[in-house]
Amino acid sequence: MTILEAVVVDKITKIYGALVALDNVSLRVRKGEVFSLLGPNGAGKTTLVEILECLRTPTSGEAYVMGHSIRDPAGVKRIKEVIGVLPQDFNAVDELTVLENITLVASAKHVKSDVRPIMEELGLWEVRKRLFSKLSGGMKRRVGIAMALVGDPELVFLDEPTTGLDPQARRETWRFIRNLRRGGKTVVLTTHYMEEAERLSDRVAFIVKGRIALEGGVTELVSRFGGGYVVTIEADDEMLLRVSEGGYAIEKQSAGRAQVRIGGWAEMVKLYTLLQSHGFDGVIEVKPASLESIFLSLVGARISETGDLV
Amino acid sequence: MRALTTLVNMLFRSWHRSWTAVFFGILFPVMLLLVFGSIFGAPSTPNYSLYVRNLDINEHGKASQLSAAFVEILNNSVFEVILLSPDETPRQTAFAPLRILTIPKGFTSQLINRTIQTRIDIMIDTSLRFVEMSGGEIGPEERENITRGLSRLRAFRESIAAENVKLVLEGSPDDPTLQPLAGVIHTLASRFEMALLNATNSIDLETVTTVKRQLRAVDYYLPGYIAAFVMTNGVIGVSGVVSDFRRRGLVKLLATTPLSKTTWITALIISQTLVSMILLTVMLAMGWIVFRISALPDLYSLIIILVGTVSYTSLGVLIGSVLKEPGAVSALSNAVAFPLMFLSGAFWPLEIMPELMQQIARLTPLYYFHTALRQTLIAGLPSEAIIPSAVMATMTVVVFSLAYYISKWKDF
Ligand SMILES: Nc1ncnc2c1ncn2[C@@H]1O[C@H](COP(=O)(O)OP(=O)(O)OP(=O)(O)O)[C@@H](O)[C@H]1O
Ligand SMILES: [Mg+2]
């Protein structure tokens, strides 16, 4: 029997004392896809992936990873042989070199093959003799990713792999993740960056306060939730007033900036004509509707750069 | 198996690359051994210097015969005699005690006169006894003659002006050897006097050196420090490693691999055993090089160190596992290690501590560790180590089980 799902989560609930961290969560991750769990801080992302990594025991519910139950000791053994994990805020051993750190997990995973190819791919082979403590933040994260990937796992869990990285290091990490997908691996990613989920994943699940708000394919979701475009207008309050008088719903507004959702190009031309008739000569920006706009209309809030719900 | 050896190797490497771990684990105890071993250890060779101011000299400054002979006798005894001229005062040097013996003017003449007096006393006394004992054998006339002769002698004795010779020894009230040395000088003076009287000694003293070496301070400190630092390496060092691995997410990462908790704890114990062996070797080498203690560990003492390492590594694992915050872990491990160190008597001989402290020491587990180690490694009395090592073994079983069941490999 071949299974199509890498992960099946079936009505998982996790309660810490009085706090319901996961509330009856169900979802599926297909083999070979990049799946993002997208949610603000404290949403329960780590709790969920760590249940799948067999690091936490759910209060109730069941989950299968690569066809093995996380509740069955024999299943847990099999799961540990096929997964690769990057824990959140991970750091390797300061006093060991890059190569020694990777060798350490390789032996824990009973990996017999050479660790060199994966290190070369991540650009770590040249710095293999450097102590971990002497690496830059971006390099440290790469070592963590290498430690997750060593031993060629079928399923990779990356818990916030780009949090705290500068934009360039973040883009680098995205490239590695895309390569993983090309290599046929299944990746479960947690993040609070909309852009990251949108760019990398085949499918996403929004998770807020322990519940799945929405799950689906990225392109499918965008079209299901209206598609269209988001226009950002930079103008004074009076001009924005004219826009709403013209029958457009302003979705988001902050000092001198407003966003308006439109259906297509014909509408776009009408809006622009309206603006010009009131003497507008400022900047407008047009973007296809995105996960961010869906999240906003669904949850009624945005996720800030630091991961908080605002 | 390969996972275990790699893990041990990596734990050991990260240990020896951490400057603080090596400093507090190895160098610090060695420094303590050198410092305290030297201060209290090598018994400082006592100082027997003696300044002698001889006032019994003629107009050319030459010492009289008997005074010179007496100085010679002093110098041939334990004393190192330094002669002072009559008006010279010695300079105080460093911490050496200052003692000055003054031989008075007229030492020779007074001594001769006193000797004559003593001889006369003996003669009179002997004659009287002789007369008394012979009873009727001596006629009244002879008695008369003897009595007359004796009274002549008495008159002669009275005519000799003689007082006791007065030697003066000056010293500091802080010099603990002043009194015993005064006794030595007094004895030498009496012997000198006896010799002048042609008397012989009737009591002899023979000094015998026994084979057994007296235990020195280093003998106490060496096993004490080894035990104490095997303890701190485990309690403070291992708890630090465990909490650091937890904080970094390394324990989580390892727990998602097929590696088991048993392998992880075993690796910690083995790497700590390596550390303990290094500590033992370095301490014994230092003990031999600096203090000439030749203690070669036998199998029993190695087992004691192994058991100690297992129990204190387990305690470290336990502390590093129950508390989440690295700050709390280091606070608790210090709060456990330091009282153990100071209360157990690992740092100073229990015999010099008050009775209450001795009882408290017997309640600490470390007491049994350093006692067992001292008995096997230094004293060569393995039978004395049986009870302490049994206590250690019990503690090890308890702490190891606690550490094993309480430390988590899941639900952190
Ligand atoms: N071991 C625990 N004991 C008690 N509460 C916990 C525990 N772990 C997590 N929580 C709580 O459960 C909730 C979900 O936490 P979780 O770490 O899963 O969120 P997250 O989505 O990963 O957040 P972040 O983006 O901050 O990593 C939070 O409110 C958190 O405080
Ligand atoms: Mg998290």
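In what follows, every chain begins at residue 1, and chains take the letters A, B, ... in the order their sequences are listed. Not measured: the values here are computed from a predicted model. Heavy atoms only: backbone and side chains are in, while hydrogens, waters and symmetry mates are out.
- Heavy atoms closer than 4.5 Å to chain B are found nowhere in Lys77(A), neither backbone nor side chain.
- Between the Asp411(B) side chain and the Thr57(A) main chain, a donor and an acceptor come within less than 3.5 Å of each other.
- Applying the side-chain contact (heavy atoms from CB on, under 4.5 Å) criterion to Thr281(B), with sequence neighbours excluded, gives no partner residue.
- Counting only distance, with no hydrogens or angles, the side chain of Arg248(B) and the backbone of Ala92(A) share a donor-acceptor pair below 3.5 Å.
- To the nearest 0.5 Å, atom CG of residue Leu4(B) and atom OG of residue Ser107(A) are 9.5 Å apart.
- Nearest approach of Cys54(A) to Lys410(B), heavy atoms of both residues: O-CE, 3.4 Å.
- With contacts defined as side-chain heavy-atom distances shorter than 4.5 Å, the pair Lys252(B)/Leu55(A) qualifies.
- Here the straight-line distance linking atom CG of Asn9(B) with atom CD of Glu100(A) works out to 7.5 Å at 0.5 Å rounding.
- More than 12 heavy atoms of other residues, nucleotides or ligands shown are found within 6.0 angstrom of CZ on Arg128(A).
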Can Thr256(B) and Phe157(A) be said to form a side chain to side chain contact (heavy atoms under 4.5 Å, CB included), step by step? CA-CA 11 Å; Thr256(B) 64; Phe157(A) 292 97; over 6 Å; no
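- Counted within 6.0 Å of CZ on Arg247(B), heavy atoms from surrounding residues, nucleotides or ligands total more than 12; the atom is thus considered enclosed.
- In terms of non-hydrogen atom pairs under 4.5 Å with chain B, the most contact-rich of Glu53(A), Glu95(A), His110(A) is Glu95(A).
- Heavy atoms closer than 4.5 Å to chain A are found in both the backbone and the side chain of Leu253(B).
- Proximity to chain B (any heavy atom under 4.5 Å) is restricted, for Glu50(A), to the side chain, taken from C-beta onward.
- Lys261(B) NZ: more than 12 foreign heavy atoms inside a 6.0 Å radius.
- Considering only heavy atoms from C-beta on, Val93(A) stays 4.5 Å or farther from Met10(B) through its side chain.
- A heavy-atom distance below 4.5 Å is not found between the side chains of Arg13(B) and Thr97(A).
- For Lys14(A), the part lying under 4.5 angstrom from a heavy atom of chain B is the side chain only.
- Within the 3.5 Å criterion, the main-chain N or O of Ala255(B) finds a donor-acceptor partner in the side chain of Lys80(A).
- With sequence neighbours excluded, the residues forming a side chain to side chain donor-acceptor pair (under 3.5 Å) with Thr309(B) are Ser276(B), listed by chain and number.
- Heavy-atom distances place the side chain of Phe132(A), and not its backbone, under 4.5 Å from chain B.
- Listed options Ser260(B), Gly249(B), Pro258(B) were ranked by heavy-atom pairs under 4.5 angstrom with chain A; first place goes to Pro258(B).
- For Val111(A), the part sitting under 4.5 Å from any heavy atom of chain B is the backbone (N, CA, C, O) and nothing else.
- Note that OG of Ser133(A) is 10.0 Å distant from CZ of Arg17(B), once rounded to the nearest 0.5 Å.
- Here the CG atom belonging to Leu254(B) is positioned 6.0 Å from the CG atom belonging to Leu104(A), to the nearest 0.5 angstrom.
- No part of Ile51(A) comes within reach of chain B, as not one of its non-hydrogen atoms sits under 4.5 angstrom from that chain.
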